[in-house]
Each structure stands twice: as structure tokens, then as C-alpha cells.
There are 2 protein chains.
Amino acid sequence: MLDFAILGLLIERPRHGYEIKRSLAQLGFWTVSFGSLYPALRRLDKRGAIEASEGTGRRKAYAITADGQELFDSLLTADPDASETDRAFQIRLAFLSQLPQHQRTRVLEHRRTKVAAQLKSARDVVVEARTESQKPDRYRLALMEHAMRSIEADMAWLDGLIASERGVGVTPRTQIT
Amino acid sequence: MLDFAILGLLIERPRHGYEIKRSLAQLGFWTVSFGSLYPALRRLDKRGAIEASEGTGRRKAYAITADGQELFDSLLTADPDASETDRAFQIRLAFLSQLPQHQRTRVLEHRRTKVAAQLKSARDVVVEARTESQKPDRYRLALMEHAMRSIEADMAWLDGLIASERGVGVTPRTQIT
DNA sequence: CGAATGTATATCGAATCGATACACCTCGCG
DNA sequence: CGCGAGGTGTATCGATTCGATATACATTCG
């Protein structure tokens, strides 16, 4: 998981640990802890997927190797299976432009069916909570409704991505500079 | 963390493991794994915070003890410190009705300042990403913007909670039955 | 100058995850 | 009737991740 993300970042350019942490946070989905990060870097190094070299001062610049490239590609290309984590999808998405068009759509569509399932169960919970005789108090009701709305927002966002995917490659219609 | 949530659920009534898992998921913020749940139950049992008794079939019904009650109260009443997790807040919220009014507001206000900080940094990231010469591709931009909007939605939701909090206790205005 | 803050790597123990095993129960269907 | 599929329930394993903390150098600023 984390390994996947690290490899993706290192493809663009070598980075040192701290910078990887920052980049991950900027993508908006993971403020990884040092206790995860540094062991992961050692893991990947031992595996030969990345290589460390001395950088400025205390820094260690990590670069991806050919093996690492291969590993990353296999992770990115792999069919998204049923047990794919939310986070796994987000990582995939962050590097989606590296996939050919038709595979991108597949990734998005697959995600959509998952989110649809989440949405259904969240809605069921809310409906049940509202009708039940033993109503949860307002705080819990608020929690449930908020969870539901978050998923609805996810869904709308995803649909937007899928729609814009269809529009790509047909007529990019770039603004005249 | 998990211990906190388990205690809160057991206050209402005894439950067995599987049921705790289900209840947690229904609150919409945690689908805890068995690998977390059962060790946690043993932990709490050893500590004397809960007590197991035989239930129907394979079930083991867990009930909270006086010690457990005390532990839960201290966790719930504790000042929310700076390092409070998102999840910790959600758990607190799920049991917030057990706190007196003025403390409830404090919990919510405290949360608000945290979310405000998150929002600011998420917005900064998006603004920077849009203006930078090295623009991230559309997928990453979409990720960042989605992250930002999620936090905005969180904020709006929280403000709603705070507002409704002010309206409580003043004039409950209950419907005539 | 010196204190505070930011950058950077590192490690520890504990919490949590994801997968899997196993046993029992119920239900529908051939 | 019997038996297979799917749901219920407890349990454990190894690996991952977290949160806290230590250390140390660099930069900024009163």
C-alpha cells in the first residue's frame, strides 16, 4: 500500500523521506507517520526496488530502480479486485495518467460499483435509524447522516470523473493561448 | 480508542463481539476488524472493565463493570487535547449526550478549531497546485479538490451541530404528544 | 547571542488490519 | 429428506501502520 505510493512518487523524481511524507499529505489522503515511512523505505531498498544515495546534509535521496518500475507497473495494472481498499483506489487515481485510456475507465467504473454498495448500506442504516422505535439520539443520527452524505459526495465526484473521462481524447478543446 | 468505543456501547446493554462490530459499523465510522476486536475485549476483561458471561450458543455476552464505567467516564470527560484523532472525536460525539450541556459545546468548539486548520491547509494546497507552473495532472487535482471539499462539508456539518446545540436547553419546544 | 521553529532521520511498543480457520445454524431447493 | 450455500460467531496470525519520542542540525528573529 504505502510501498505502492512511494514507488509512484519516486518515478517522477528522486525524493528523500521527509519529502515523500509531504507529497503524500499534499495529495490529500494520507499523512503517513514516520513509523510507517522509514521501515517502508528500508523494505523497498532491501527488495531492490529503490536505491538510496547521499543527498544534501542529512538527507538520503531515494531513486527508483528498474525492478521498482516493474513492481509499480504490475501494481498499477493489476485488476482491481473486490478487496481493494479506499486508499488503494486513491493511490491508483493519483497515478492513473500512466494507464492507457480504456484501463482508466475500468478502474473508475470498478470503484463506482463499490461506492454504490457503500451508499446503499449507509442509506439503509439511516432509514432504519429514523423509523426504528428505539431512535438513536441526535448526535448519532447526525453521525450516520453525515457518513451517508459523505458517500453521496464521493459518488457525485466519481461520476464527474467518469464523465470527464469520456470527454477526453475526443475533443480536448484547449483554450487558445 | 477502540476500548473507548466498546465501553460506550456496553453501557447501554451487554453485547457480544459480533454485535459490537455491527454497531460500530452502523455508527458509520468504523468497520473494525476481528483482529482488533477480540484482543480489545480480552484487554478490557483482563483490566476488569468488562465481564464475560455465557450467552446463546457460541456467544459470549460482555457487560460493563463499575470499573469500566469509571474508565469510560474519565475518557469521555477528559479535556480533548491537541492530539485528538478524528476517530476519537467521532466516538466522543456518539456518546456526547452523556455529557452536561456546557461540556458538549466545548467538545464541538474544540473540534471546530481543528477542522478549521485542516481546511486552511487543504485550501492552500489547492491554490498552490492551481497556480504552480508544474501543475499536477487532472487526477491529482481532482483528488486535492475532493479532499478540500470533504473538509468543507465537515465544517458545515459541524457548524450545524454547534448551532443546534445553542438552541437546546433554551426552548426545547417539544411537540405536544 | 540564544530561543523557537522547521527540517530530517530514526526507533519503539502498541493498535489495527486483512486474511484465514473453524464451527455451528438456518434456509431453500433438488 | 439431505445437503450445500450463506450467514453467524469466535479466534489467531503476521504484517502494517500509528503515535510518541529521541536526536541533531539549520534558519529565523527578537
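Numbers restart at 1 for each chain; the letters A, B, ... are given by sequence-line order, proteins then strands. Nothing here was measured: the structure is a model prediction, and the numbers come from that model.
- Both Arg43(B) and Phe34(B) lie close to DNA chain C; mapped to their nearest nucleotides by heavy-atom distance, the more 5′-ward contact belongs to Arg43(B).
- Straight-line distance from the NE2 atom of His16(B) to the C1' atom of dT10(D): 11 Å, rounded to whole Å.
- At the heavy-atom level, Leu2(A) lies under 4.0 Å from the strands shown only through sugar-phosphate atoms.
- Rounded to whole Å, atom P of dA15(D) lies 13 Å from atom CZ of Arg47(A).
- Remark: P of dT23(D) and OH of Tyr18(A) are 18 Å apart, rounded to the nearest angstrom.
- Residue Trp30(A) places at least one side-chain N or O closer than 4.0 Å to OP1 or OP2 of dC18(D).
- The distance between atom CG of Leu24(A) and atom C1' of dT16(D), rounded to the nearest whole Å, is 15 Å.
- OP1 and OP2 of dT17(D) both lie 4.0 Å or more from every side-chain N or O belonging to Ser36(A).
- The closest donor-acceptor contact from the side chain of Arg104(B) to the backbone of Ser97(B) lies under 3.5 Å.
- For Tyr38(A), the listed nucleotide lying nearest its side chain is dT9(C); candidates were dT12(D), dT17(D), dT9(C).
- Within 6.0 Å of CD in Glu70(A) there are 12 or fewer heavy atoms belonging to other residues, nucleotides or ligands.
- Side-chain proximity of Val32(B) to the nucleotides dA23(C), dC17(C), dC18(D) is greatest for dC17(C).
- Between the side chain of Ser36(A) and the backbone N or O of Val32(A), no donor-acceptor pair lies under 3.5 Å.
- Look at CG on Asp3(B): it is 15 Å from P on dG19(D), rounded to the nearest Å.
- Thr85(B) places no side-chain N or O within donor-acceptor distance of the main-chain N or O of Ala88(B), the cut-off being under 3.5 Å.
- Map Ala40(A) and Gly35(B) each onto its nearest nucleotide of DNA chain D; the residue landing nearer the 5' end is Gly35(B).
- Considering only the side chain of Arg58(A), dA24(D) comes nearest among dC18(D), dA24(D), dT11(C).
- One side chain, Glu165(B) or Gln101(B), offers a donor N or O that lies under 3.5 Å from an acceptor on the other.
- Atom CD1 of Ile20(B) is separated from atom C1' of dT16(C) by 16 Å (rounded to the nearest Å).
- A straight line from CG of Asp86(B) to C1' of dT17(D) spans 16 Å, rounded to a whole angstrom.
- For the OP1/OP2 pair of dG18(C) and a distance below 4.0 Å, the side-chain nitrogens and oxygens of Thr85(A) include at least one atom meeting the criterion.
- Distance, Leu37(A) CG to dA20(D) C1': 16 Å, rounded to whole Å.
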